[in-house]
Each structure stands twice: as C-alpha cells, then as structure tokens.
Enquirer: 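After the structure tokens below, expect a handful of questions from me.
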Amino acid sequence: MKPRIIARGAWAAAVLAASGAAFAADDACPNRGDLDAQFCDADRDLVADTPTDPKKLRDPSTLVFAFTPGEDPSVYEKLFRPFMAHLSQCVGKKVVFFPVQSNAAQIEAMRSGRLHIAAFSPGPVNFAVNLSGAVPFAIRGNVQGPVGMNLKMIVRTDSRYQKLDDLKGKRIAHTSPSSNSGNLAPRALFPKLGLTPDADYKVVYSGKHDQSILGVKTGDYDAAPVASDVLQHMTDRGVVGKDEFRVLYTSEMFPTDAYAYAHNLTPALQGRIKQCFFDYQVPADMAKGLGGDRFLPITYKKDWELVRTVAQASGESFTRDAFDKAAQKK
C-alpha cells in the first residue's frame with residue numbers, strides 16, 4: 001500500500017531544511033524527545049503538544065484528508081466518499097480527499113500545514129509523528145478490537161522456494177527504508193531465522209507493497225516481505241490471484257494504518273474530529289475494502305510500541321537525521 005515512502009535525497013533534504021529553518025526550537029520546552037525542533041512534548045506522550053499560543057492554532061474552513069498511498073488512489077477516494085460526506089456534516093466544514101503519491105509527500109504535506117487528517121502506514125507513522133506533528137488517534141477495528149496485519153514473505157507458487165533458507169543469494173524486494181512490514185520488520189526478524197537482508201540476499205527497494213507483490217508475480221523479484229492487508233486487498237479486487245503465491249513466513253500481528261490529525265488544530269476541532277470518527281458506522285463496502293467496521297481509539301505511545309521496538313531492533317530511528325539518511329538510499 002505504499003508508494004515511495006522516502007523521496008529522493010535532494011528533495012527530502014530541501015523540504016526538511018526549508019521547513020526546519022522556518023521554526024526555531026523553543027528553548028522553554030521541557031521535553032522534546034525525538035520530535036523535530038518546532039514541536040514540544042511536555043506531557044511526554046511522544047507526540048507533539050497542541051500549541052498553547054492561540055496564534056499558532058489552526059481552524060481551517062476546509063479540511064484536507066489523505067489515505068495511505070496505494071496502487072490506485074482513485075479506489076480509496078471512492079471507498080472513502082461516504083465517510084468524507086459524514087465527516088463534513090459532522091464537523092460542519094468542507095472535507096476534501098487528497099490523493100497523495102508517496103508517504104514522503106504525505107508527511108511533507110502535514111508538516112507544511114496543507115494536510116489536516118491522514119491515515120499513515122505503520123512504519124511512516126513514526127516519521128509523521130516526529131517530523132510533521134501528526135497525532136495518531138484512531139485505527140480500524142471490529143467488535144474484537146483493532147484490525148492488524150502481518151508481514152508475509154511471499155514467492156510465486158510455481159517457484160522452487162519452499163523455506164526462507166532457499167532465498168539465500170536471491171533478489172528480494174523490500175518496499176522502502178521506513179516501511180515497517182516492508183523493510184524494518186524483515187531486518188529485525190529475519191536474522192534470527194537465519195536470513196539476513198543485504199548479507200544473505202540482495203535487497204531491492206520496489207517503492208511500495210503492491211509493486212513488490214506484482215514484481216514477484218511477474219518474476220522481477222524472487223520474493224518479497226509484504227503487508228498481509230495489502231495482499232488481501234489486491235486479491236479481493238482481482239489484481240492478483242489467491243493461488244499465485246506461496247507464503248514462506250508470517251509474523252506476529254502489527255497494527256495497521258493509524259489515523260492522525262495535525263497537532264496544531266484547535267482543541268475543539270480535534271475533539272470534533274475524534275468524535276466524528278468514533279461515531280461513524282462504517283458501511284459494508286468500506287469495511288470489506290479496508291478491513292474493520294469501525295474506528296477505535298489509540299495512542300501512539302501505547303499502540304505503536306511494537307512498531308518502534310522493531311525499528312530500534314533493526315537499527316532505525318525516526319529522527320530528521322534518520323530521514324535524511326533513508327532519503328539517500330532512494
């Protein structure tokens with residue numbers, strides 16, 4: 001579900017340098033953690049605090065919403081159309097769907113104030129929180145609780161690969177440097193299983209999960225670690241057949257996309273947005289297309305702990321320096 005999460009190095013560096021220069025660090029901030037210099041985390045919940053200066057608060061007449069970049073943004077724009085109408089009526093503002101082409105663009109859009117609400121993929125959630133002031137507040141779920149996804153290592157069904165060890169020396173597609181299931185989790189989990197990325201196989205970044213899946217299908221890649229929910233969505237839509245792949249490994253469950261609002265929206269607007277999400281009765285078509293029939297409350301500190309742990313185990317961090325280094329890989 002992820003086009004290029006990190007843009008080319010020059011673009012990313014220019015974006016961060018320009019936006020970083022516009023905000024001086026608040027020396028009065030008692031705690032910032034890994035957050036960018038323009039944010040503060042006085043309550044230590046790991047996300048940017050709502051500004052206390054009324055001049056820094058925003059109450060836009062039109063709210064811009066973006067879903068996680070996918071192989072065909074128009075599919076999700078159509079899927080979210082009923083929800084956009086509900087959200088508009090509920091908050092009393094015009095709400096528009098913004099079809100972003102990459103997670104880097106999505107993060108930059110919220111950082112620059114052009115995006116107010118967004119669903120971020122599991123791995124990029126960390127960059128969105130630290131660099132753009134995103135505040136995750138909801139996740140899709142059902143009566144049992146939040147809907148999650150697994151990392152699946154897939155190969156073609158007609159391939160000779162039967163176990164992870166068979167992939168040594170092969171060409172394997174990871175999605176992009178900041179992707180959780182598409183890169184960070186494999187780097188943290190696979191070495192314990194006897195398969196170390198870059199050492200035991202060649203890593204090729206595809207840019208997004210659907211491109212990894214299609215690349216395995218066409219034979220461009222021998223295998224790929226992908227998000228189970230993306231594979232299921234592509235199977236449900238008939239983009240790939242359910243019998244085209246063999247799964248060599250399935251991980252524990254990770255959280256799926258996090259819905260977040262910009263930290264500098266007025267407290268009243270933040271409250272209305274959250275209530276509108278939690279009150280929404282997800283229609284059957286949307287539930288089938290996305291997974292989950294409701295939105296459930298989350299906190300970044302608690303519910304993204306596993307994702308952060310995997311990132312740390314793989315040697316990753318979600319600071320501006322890490323973003324710049326990841327950008328250079330593209």
Side-chain angles (χ1 to χ4, degrees), residues 1-6 68-71 103 121-125 147-237 239-257 291 306-316 326 329:
M1 190 178 288
K2 304 176 184 64
R4 292 187 180 174
I5 289 177
I6 300 299
T68 308
E71 69 279 0
N103 283 347
S121 300
V125 165
V147 172
M149 61 86 180
N150 309 92
L151 177 168
K152 290 183 178 291
M153 178 68 98
I154 62 169
V155 298
R156 281 172 49 145
T157 302
D158 60 3
S159 75
R160 65 181 182 276
Y161 313 124
Q162 300 293 329
K163 57 186 185 301
L164 288 180
D165 194 61
D166 295 336
L167 297 176
K168 290 185 176 180
K170 304 306 177 184
R171 178 182 167 90
I172 298 180
H174 285 207
T175 55
S176 55
S178 70
S179 174
N180 177 59
S181 56
N183 184 56
L184 300 180
R187 291 184 182 279
L189 302 175
F190 287 176
K192 300 175 183 177
L193 303 173
L195 190 69
T196 301
D198 289 324
D200 291 328
Y201 65 80
K202 179 177 177 58
V203 173
V204 181
Y205 288 113
S206 69
K208 53 183 178 176
H209 285 274
D210 64 289
Q211 289 179 178
S212 289
I213 293 167
L214 293 175
V216 173
K217 176 180 177 178
T218 60
D220 291 338
Y221 312 120
D222 295 300
V226 299
S228 61
D229 57 340
V230 181
L231 180 60
Q232 186 62 54
H233 294 161
M234 293 180 70
T235 301
D236 290 343
R237 293 199 299 273
V239 179
V240 296
K242 63 179 181 180
D243 298 322
E244 291 188 74
F245 304 106
R246 180 185 302 120
V247 178
L248 302 188
Y249 170 81
T250 301
S251 74
E252 293 180 44
M253 184 171 289
F254 288 91
T256 186
D257 311 314
L306 177 59
V307 178
R308 293 193 303 274
T309 298
V310 164
Q312 292 165 357
S314 65
E316 182 63 277
K329 296 180 182 181

Enquirer: Holding to side chain to side chain donor-acceptor pair (under 3.5 Å), I want the full list of residues that pass it with K170, two or more places apart in sequence or in another chain.
Expert: none
Enquirer: Going by the rule salt bridge (Lys or Arg N to Asp or Glu O under 4.0 Å), which residues pair with D158 if we only count those two or more places apart in sequence or in a different chain?
Expert: R156
Enquirer: Of all the heavy-atom pairs spanning M153 and A223, show the shortest one and how long it is.
Expert: SD-CB, 3.9 Å
Enquirer: Output all residues satisfying side chain to side chain donor-acceptor pair (under 3.5 Å) with R308, sequence neighbours left out; order by chain, then residue number.
Expert: none
Enquirer: If you take all heavy atoms of V216 and A224, which pair is closest and at what distance?
Expert: CG2-CB, 3.6 Å
Enquirer: Partners of T250 by side chain to side chain contact (heavy atoms under 4.5 Å, CB included), sequence neighbours excluded?
Expert: N150, K152, V247
Enquirer: Taking K168's backbone N and O only, do any of them form a donor-acceptor pair with D200's side chain (distance below 3.5 Å, no angle check)?
Expert: no
Enquirer: Do the non-hydrogen side-chain atoms of M234 and D210 ever get within less than 4.5 Å of each other?
Expert: yes
Enquirer: Any chance you could measure L195, atom CG, to D166, atom CG, to the nearest 0.5 Å?
Expert: 10.0 Å
Enquirer: What closest approach, in Å, do A227 and M149 show between heavy atoms, and which atom pair accounts for it?
Expert: CB-SD, 3.9 Å
Enquirer: If I take atom CD1 from residue I172 and atom CD1 from residue I154, how far apart are they, to the nearest 0.5 angstrom?
Expert: 11.0 Å
Enquirer: If you take all heavy atoms of S181 and H209, which pair is closest and at what distance?
Expert: OG-CE1, 3.2 Å
Enquirer: Can you tell me which residue pairs pass the ring pair (Phe, Tyr, Trp, His ring centres under 6.0 Å) test with a partner in residues 175-201, sequence neighbours excluded?
Expert: H174-Y201, F190-Y249
Enquirer: Can you measure from OG (S121) to CG (D229) and round to the nearest 0.5 angstrom?
Expert: 8.5 Å
Enquirer: Looking at I213 and V240, what are the two nearest heavy atoms and their distance?
Expert: CG2-CG1, 4.0 Å
Enquirer: Please name the pair of heavy atoms, one in T68 and one in N103, separated by the smallest distance, quoted to 0.1 Å.
Expert: CG2-OD1, 4.4 Å
Enquirer: What pairs of residues pass the side chain to side chain donor-acceptor pair (under 3.5 Å) test when at least one of them lies in residues 190-199, not counting sequence neighbours?
Expert: R187-D198
Enquirer: Name all residues meeting the side chain to side chain donor-acceptor pair (under 3.5 Å) criterion together with T157; count only those two or more places apart in sequence or in a different chain, and write none if there are none.
Expert: none
Enquirer: Could you tell me which residues satisfy salt bridge (Lys or Arg N to Asp or Glu O under 4.0 Å) with K202, sequence neighbours excluded, listed by chain and number?
Expert: none
Enquirer: For residues L214 and V239, determine if any side-chain heavy atom of one lies less than 4.5 Å from a side-chain heavy atom of the other.
Expert: yes
Enquirer: With sequence neighbours excluded, what pairs up with V147 under the side chain to side chain contact (heavy atoms under 4.5 Å, CB included) test?
Expert: N142
Enquirer: Within a reach of under 6.0 Å around CD of E252, are more than 12 heavy atoms found that belong to other residues, nucleotides or ligands?
Expert: no
Enquirer: With sequence neighbours left out, which residue pairs that include part of residues 214-226 fulfil the side chain to side chain donor-acceptor pair (under 3.5 Å) condition?
Expert: Y161-D222, T218-D220
Enquirer: Of all residues at least two apart in sequence or in a different chain, which pass the side chain to side chain donor-acceptor pair (under 3.5 Å) check with Q232?
Expert: D236
Enquirer: Taking the side chain as every heavy atom from C-beta outward, state whether L184 and S179 have any atom pair closer than 4.5 Å.
Expert: no
